[in-house]
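Ligands are counted one by one from 1 in listed order, and the atoms in each one are counted from 1 as well. If you're wondering where the values come from, they're calculated on a predicted model, not measured in any experiment.
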Amino acid sequence: MNDSIIHRVVGRRVWDSRGRPTVEADVHLADGTIGRAIAPAGASRGTNEAIDLRDGGPALGGLDVMQAVSNVNREIAHCLAGLDARDQATVDAALIALDGTPNKARLGGNATIAVSMAVLHAAAASARVPLYRHLAAGGPVRLPLPEIQIFGGGAHAGRRVDIQDFMVMALSARSFAEALVMTAEVYRAAGTLMQEAGKLAGVADEGGFWPLFDSNEEALGMLVRAIERAGYVPGDEVAISLDIAASEFGRDGRYRLGLEARELDRDGLIEMLLDWCRRYPIASIEDPLAEDDRDGMRAFTKAVGHRIQVIGDDYLVTNADRVRAAESDGACNAVLIKPNQAGTITETRAACVAGQDAGFGTIVSARSGETEDVTIVHLSTGWNAGQLKVGSFTRSERMAKWNEALRLEEALGDAAGFAGRTVLPPGAGQPLA
Ligand code: PGA
Ligand code: ZN
C-alpha cells in the first residue's frame, strides 16, 4: 500500500488571536505521518470570499465552528480516506465536489482550508522534505519582501481611522533578516513618537499601534517621522505601503470617511490618494477603491500603476479568473493571496500562478484573526511569490511567521535568494510626479 494514502482526518475547535473559535485539522497518513493546519479568519472580508461557516445563536457571539468541525470529522474524513496526500489537486477537487457550492458555503471554507493545508503538510512530512521545498517541486525558491504594519486601523481598530493598514517595506534590505531589523527599528521609533505625542494607547488586532489620530493623513506624517527617527531615508530605504480596504467604507461609487465626517465620490477618493502619493513615499496601495468599483480601480491603476503597486484583495479574493480579468482590464497590478479566501490550496495556487503569468506582484497574506500556523510563510517562499504580509511586528501569531521565515533563510543559506525591492514597479517609493 502507498505510504502517503490518507488514513484518518480529525477536526477540532481551537482558538484564534482574537479569542474566537476556529478549525484545526489533522491528517493522518498510512505511514504514520501527520499533517496539521489551522484556518485563519478575516474581519474585513470580500463579498466573494469562501464562506467562513459559523454556528450562529447566542453562544460565543454566534462565532462557534462546531458545525464546520463536525463536517471535517464526518463528511470530509469519509470522502478523503483512501486518497493520496501527494495528489493535492485530486484531494482539493474532492473537497470542492463534496461541498457542491460556488463558495464553500455548505462545508465551510474554514473546514476545507484547514483540511487542504493539513494534507499539504502531511504530504511534505511523508516525503521528509520541508514544506517550502515540497511546494517548489524543484522550481526556484525565494524569501519574500515583507510588508509590515506599524499602525492598525479600519475594522481592526474599531474604525478609529478609516484606512486599515499603515505598513512599511524595507526597500534597501539585502536579506529577509535585515528587513526585519529595519522594521523593528521603525516600529520602536513609532512607539517612541506616539508616546511623546501622548498618543500611545495599545495595539490593534494585528499588533500595530492603536491609531489615536485626528485625521487619516496624520498617520502618514507620523509614519514618515518614524522612518526618519529610525535613521532611514523615506522612500529610498524604507517606503510606505497602505491597505485602504475601501470596501469597508465605500459602495456604489460613494465613500464615507467617518473620522473626517466627509463623503467623497469615486473621483474625490482617487484625488485624495493621488495627492498622498505625490507627498508621501508610498510604494504600494491595496484595495484603493471598493470591491464593486471596477471603473475606479482601473482609473487609479492607470494613473499610478507604472510607479506604485496596486493590490487587489477584496477586489480579487484569491480567484484566478478575477486575476485574469484584472490583467485584461488593468484594474490592478498585484494580487493578495489568502488561502482561506479560496478555500483550497489548489485554488490558492491557481490564483498565485495567474498573477505571476500576468506579471503581477503576488503577496501571500495572513488574516487579522491568526494562530501559530505558519503555512503561509512556506507558500510565499516555495511558490516564489516574492512578497509576504502578516500584520505587525508584535504578538506571537504574527512573530511566529516572521521567525519561521528566518529559519527558512538560514536553512537555504547561500541558495537563499531574497526578493527585495525588485518585486515592485521601478521607482516605487519615490513621490509621484
Ligand atoms: P482581514 O483583513 O484579514 O481582517 O479580512 C486583512 C486585509 O484586508 O488585508
Ligand atoms: Zn486588504
Side-chain angles (χ1 to χ4, degrees), residues 16-20 22 38-52 54 63 103 109-110 113 144 146-169 203-208 211 240-250 273 282 284-293 297 300 309-319 322-323 326 331-332 334-343 348 351 355 360-371 373 375-376 380 385 387-392 395 397-398 401:
D16 75 11
S17 55
R18 279 191 278 248
R20 295 177 184 170
T22 189
I38 311 177
S44 80
R45 291 191 296 270
T47 308
N48 296 296
E49 295 190 16
I51 296 292
D52 226 6
R54 302 281 174 174
L63 295 170
N103 58 357
N110 40 359
I113 196 60
E147 54 173 332
I148 304 185
Q149 188 192 71
I150 305 298
F151 303 116
H156 305 156
R159 298 182 203 283
R160 182 64 192 68
V161 297
D162 302 287
I163 308 307
Q164 183 176 285
D165 290 297
F166 297 88
M167 298 168 284
V168 293
M169 300 176 110
V203 299
D205 280 10
E206 296 190 358
I240 292 175
S241 171
L242 301 176
D243 183 359
I244 308 299
S247 308
E248 291 289 310
F249 59 85
L273 296 176
I282 295 170
S284 179
I285 300 196
E286 180 176 328
D287 285 342
L289 286 297
E291 61 186 357
D292 66 354
D293 197 346
M297 289 291 289
F300 185 71
Q309 174 167 267
V310 184
I311 308 174
D313 169 18
D314 294 350
Y315 190 78
L316 296 176
V317 291
T318 314
N319 180 288
R322 285 174 184 270
V323 173
C332 8
V335 53
L336 208 70
I337 301 293
K338 289 171 164 170
N340 78 325
Q341 284 185 329
T348 305
F360 278 20
T362 50
I363 305 95
V364 177
S365 173
R367 303 304 304 247
S368 50
E370 272 293 337
T371 67
D373 188 289
T375 309
I376 55 168
S380 71
Q387 295 179 67
L388 179 63
K389 178 186 179 193
V390 165
S392 194
R395 311 202 336 175
E397 79 279 4
R398 313 291 151 188
K401 275 80 160 171

List ligand 1 atoms under 4.0 Å from [X], heavy atoms only on the residue side.
| X | value |
| --- | --- |
| D313 | 7 (C), 8 (O), 9 (O) |
| D243 | 7 (C), 8 (O), 9 (O) |
| G42 | 1 (P), 3 (O), 4 (O), 5 (O) |
| K389 | 7 (C), 9 (O) |
| R367 | 1 (P), 3 (O), 5 (O) |
| H156 | 1 (P), 2 (O), 4 (O), 6 (C) |

Does a salt bridge link E370 with K401, judged by any charged N lying under 4.0 Å from a carboxylate O? yes
Would you call D165 and K389 a salt bridge, taking side-chain N to carboxylate O under 4.0 Å as the test? yes
Between [X] and ligand 1, is there a nitrogen or oxygen pair with a distance under 3.5 Å?
| X | value |
| --- | --- |
| K338 | yes |
| S44 | yes |
| A41 | no |

The closest protein heavy-atom partner of atom 8 (O) of ligand 1 is Q164 NE2, 2.8 Å
Judged by non-hydrogen atoms, does A155 sit under 4.0 Å from ligand 1? no
Between [X] (side chain) and [Y] (backbone), is there a donor-acceptor pair under 3.5 Å?
| X | Y | answer |
| --- | --- | --- |
| R45 | D52 | no |
| T362 | A385 | yes |
| T318 | P339 | no |
| D287 | D313 | yes |
| T22 | A39 | yes |

Indicate whether the side chain of [X] and that of [Y] have a donor and an acceptor atom separated by less than 3.5 Å.
| X | Y | result |
| --- | --- | --- |
| S44 | Q164 | yes |
| T375 | D373 | yes |
| D243 | Q149 | no |

Between the Zn ion (ligand 2) and D313, is there an N, O or S atom separated by less than 2.8 Å? yes
2.8 Å cut-off met by an N, O or S atom of E286 to the Zn ion (ligand 2): yes
D243 atom (N/O/S) at minimal separation from the Zn ion (ligand 2): OD2
Honestly, for A245 the part within reach of ligand 1 (heavy atoms, under 4.0 Å) is neither
